[in-house]
Structure formats: C-alpha cells, structure tokens
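Structure, as structure tokens:
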Amino acid sequence: MLRKLHGRKLAVCLLGGAMYALFAAFGWQAEHDGHIHLGYALLTAALLVWPIAALLSVLLERGYTRSMRQEKRFRTGWAFLFILACYVPMFGVAFPGSFAYDVPYQLRQVVTGAYSTHHPLLHTLLLGGLLQLGRALGNIDIGAAIYTAVQMGLLAGCFALTCGSIARQCGARAAKRAAVFFALYPLHMVMAVNATKDVLFGGFFALTLAFLNEMNAKPTRSLYAKIAACGALAVMLRNNMAYAALAWLALWSVGSRRKGRNAALAMLLALALGFGGNAALKSATHAADGDMSEMLSWPIQQLARARLEDGDKLSDAEKAAIDELMPGEAWKLYDPTISDPVKFEFDTQAFRTDMKKYTGIWLSVGQKCAGTYLDAAVALIYPFFYPYREYRVSGYYVQMGMSEAYDASWCDFDPPESRSLFPRVLTSLMWRFGAKGAMQMPVIGWLFNTGVIVWTMLFFVFREIYWGRWKRFGAAL
C-alpha cells in the first residue's frame, strides 16, 4: 500500500511513522530501563519507521467518506438526558461525590478569605461556595451533593452540545456514536463525580474544539460568541488552555494566512475574555499570586535527579545552590513520574531572590549531566506519549472518595463525609482506579491509558492531513 502513495499522503505516513517510532523507542526505554540510551533509541526508531508507516497507510485509507448521508435529525436534548443518566449510577457509588486532592485547599481559601490563584478562582468559588451553602443549611454534605449534581449537569450539557455540533458537521449517526462515547466511556463516568477543575475544563475544551471545526466550515456570529464563551471558561479553569491557545495562534497565523482568520479571531476573543475574567476575580477576592514552582516542573525534576544520582559530578557551589532550593534534602523525595513530592518542598522565594544565579546553576549542572536531564524529562512525560504497561504515578494523584487533608486551624466543622450507596464498589474503585490507574482492569485499563488516548488522537490529526482537510487539521493542531 505504501509504495502506491505519493506526495502529501506518502509524507503523512512517513511523518506519522517517524513520530510513533520515536515515541515507542523513547517510551520503552523510559519504562523498562529508567535511562535513555540516545543512540540505541534512535536506531530502534529508524527500524520501526517503515513498518509503522505501512500500517498507517492502510488505516488512514479506510473508513473515510466525503459526503454526509441523509439521516434523521439528532436531538441534543435527548443526548443530554442519556449522558446524564449514565453518570447517575456513579453518583450513587461516590455520593455525595469525590472530594479529594485539591478540594481541602480550595475550601480553605473560601473559609478563611485568603484566596490564591494557585487554583482557578472560578472553580474555587463555585466549589467552595456550594460547600459553604451546605454548611449554612446544616450539613456540608448537602452542598457537596449540589456541587456534584451541578458538575454532572454542566459536563453532560457540554458533551451533548458537542454532539450537536458533530451532527451539523458529520451527520446524526456520528453524533450518536459520540454521545455513546461521552456517556459510557468509564473515565467520563468516574470523573463526572470528581470535584477537580479538570472535569469542567474537559467539557468546555471539547465544546470549544467542536465549535472551532464548525467555524472553519461556515463562520457565523453565533459561533463567534460560542467559541468566545466556551474558550474563555476553559482558560479560566486551566492555565494550560491559555498556553495551548497562544501557541496554536502563533502556528496557525503563519500556516493558514487568511483561511483561518475567523477561528483565530474567535480564539483571541476567548483569550481576552478569559484573562479579563481571571483578572476581575483576582481583584474582587484580593487573591495572591500562585506559586511559581507550578511552572518549573521540568527543571525541578532535572536538578533533583542530578543531585541524587550525579552528586560526585557537581561542585560544592552547585550542591549548595540545589540544597537552598530544596531545603531539608527534599531532592531525596524525587519521584521520576510526578514532580509534586519535590515541587511541594521547593523554595520559590529563594529562587525569586536570585533567578539569574539559579538559572545559571541549572545550565551549568545540565552541561555536566545532560543524560540525566534527558532521563528526568522523558521519565516525567513518557506516560503521555507511550502506552505504558504499569501505572506508576502516586495513588493520591487521581483520587476517589474523601480527602483527609483538613487542618484543625481553619476547619472547625465536619468536612464532607462519604455516604456511598455502594461502599464496596467505591472501595474497589478507589484502589483499582486511584491507586492503580485502572491497570488492574482488563480492557478498561487500556481505555484509561493516557498513551493510548494520545496515540488515538494523533491518528485522527494525521487523517485530516492525509485527506487534505487543512481547516479541520488547524483546529486539531
């Protein structure tokens, strides 16, 4: 099949083959060896490029149609009810919801009035406000249940509207399949009742992407408003959205010229509204700036690993500088796949006092420990580009149930309490999903595998280029 291709299609297959081959070679070494042997990884990738490209040529050619069939009307309202109904059983399992991870820290801000942009203020105010409403009604679990119900409704609404957009672009059959995916995909069910900012962000992100695709086909004023509103909410729920949108605008403006002007203008409006909304909330709550360490995961991991594994290569001045940034030998807490243990102990104030000095230390240590820096970077990110066999992220990173991280200095009331209707199911899921990342569940474990998800998404991006649908590729970029 590959030999019959030429031009754009051949280039897409070779590019896709090269990317998948590199991901596989580096990911395999990161998971099995813990160290990257650069020459061996590149040689392995070179040998894999052609067979992967040949497989892509077969897969990309199949299942594509340029025309939309005549189909019955898709009903968005029914899709909403169907998706929401599929989340209700998990609501009963986790009742009044899963309030773990960041929830105690966000609730503390609302109770004490000492707000911070470390967590999205929009989410903090919604979550904390409803929990406080429950306290005022005499039982904080009432507020917890209201929040979970609101979140489930918003998520189901975002997904139903996304399906409605898909129906207008691809037909009712494609929209119905999407609705089934949004309703029955296990990760959606579990996270629908989990009070983390990522859930609502995911819903508004999906809706923004769907509207961007629709805008590329037929721009309207209504779509401008929808993209601006959904994109702004996504920006206010995660800074990652702003970073992604800014990078996308830079690339899209160069590559699309006038063709992508409508989508670019809509995203610029979304960014303006999102930044403006965050600024207004920060001013209203007098919130302090978040910890800068959240932006330094890579260098923190690299310095910690170098101090831990290559101490004999470092000068006394370099060791002392790392110890200043990671007091109490916090670098010994280094976990290859998650930066939080070391990052939580990182002395951001010390870093701010002399950023030039510590940046210089990072560069000088990197010159001596280039391989260690590469190992640290790949170990931190490989689960995002490689279908891992074992879930290694600490169990507290994705939690179900209730957190125990409440401090008596501010929490002089009973925190939310689990009242699961099916406690044995909840206990099983807390271990299998939270501690083990669902890898203990046959088939379902792979559906939760981030590497598999990213590889699948990347395949659809390649398909847009393969068939020359540049506007849709631009939205997926």
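Just so we're clear, the structure is a prediction, and the values are computed from it rather than from any experiment.
- Contact between Phe204 and Leu237 at its shortest, heavy atoms only, is CD1-CD1, 3.8 Å.
- What you find for Thr196 and Met191 is that their closest heavy atoms are CG2-CE, 3.7 Å.
- When every heavy atom of Ala263 is checked against every heavy atom of Asn216, the shortest pair comes out as CB-OD1, 3.8 Å.
- In this structure, CG in Leu207 is found 9.5 Å from CG in Leu233, a value given to the nearest 0.5 Å.
- The backbone N or O of Arg305 lies less than 3.5 Å from no partner atom in the side chain of Trp331, so there is not a single donor-acceptor pair.
- Ring-centre distance between Phe462 and Tyr466: not below the 6.0 Å cut-off.
- The distance from the CG atom of Leu155 to the CD1 atom of Ile83 is 8.5 Å, given to the nearest 0.5 Å.
- If you take NE2 on His123 and CZ on Phe201, they are separated by 13.0 Å, rounding to the nearest 0.5 Å.
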Next on the checklist: Determine whether Met215 and Tyr224 satisfy the following criterion, side chain to side chain contact (heavy atoms under 4.5 Å, CB included), listing intermediate values before the conclusion.
Outcome noted: CA-CA 8 Å; Met215 167 73 81; Tyr224 268 108; 3.8 Å; yes

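- Ring planes of Tyr185 and Phe448: tilted class, angle from 30 to 60°.
- In plain terms, the two heavy atoms of Ser165 and Ala210 that are nearest each other are OG-O, 3.3 Å.
- Formation of a donor-acceptor pair under 3.5 Å by the Gln106 side chain with backbone atoms of Leu125 is not found in this model.
- Considering CD of Gln109 and CG of Asp102, their distance stands at 10.0 Å, rounded to 0.5 Å.
- No more than 12 heavy-atom neighbours from other residues, nucleotides or ligands sit within 6.0 angstrom of CZ on Phe384.
- Counting heavy atoms from C-beta on, the side chains of Trp362 and Trp298 never come closer than 4.5 Å.
- Surrounding CG of Asp414 are at most 12 heavy atoms belonging to other residues, nucleotides or ligands under 6.0 Å away.
- Atom CE of Met295 has 12 or fewer heavy atoms from other residues, nucleotides or ligands within 6.0 Å.
- Considering only residues two or more places apart in sequence or on other chains, Ala232 meets the side chain to side chain contact (heavy atoms under 4.5 Å, CB included) condition with Leu273.
- Tyr87 and Phe182 make their closest contact through OH-O, 2.6 Å (heavy atoms, listed as atom of the first residue, atom of the second, distance).
- In summary, the aromatic rings of His118 and Tyr105 are positioned with their centroids too far apart to meet the 6.0 Å limit.
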Item to check | Step-by-step side-chain hydrogen bond (donor to acceptor under 3.5 Å, both in side chains) determination, Arg352 to Gln349 | outcome: CA-CA 5 Å; Arg352 285 180 177 273; Gln349 192 60 38; 5.4 Å; no

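- The aromatic rings of Tyr20 and Phe23 stand perpendicular to each other, their planes meeting at an angle above 60°, with 30° marking the opposite boundary.
- To the nearest 0.5 Å, atoms CG (Leu246) and CE (Met267) are separated by 8.5 Å.
- Ring orientation note: the planes of Phe95 and Phe91 are tilted relative to one another, at an angle of 30° to 60°.
- Under the 30°/60° scheme for interplanar angles, the aromatic rings of Trp410 and Phe413 are found to stand perpendicular.
- The 12-atom threshold is exceeded at CH2 of Trp446, counting heavy atoms of other residues, nucleotides or ligands nearer than 6.0 Å.
- We find the CZ-SG distance between Arg168 and Cys163 to be 11.0 Å, quoted to the nearest 0.5 Å.
- Ring planes of Phe346 and Phe351: tilted class, angle from 30 to 60°.
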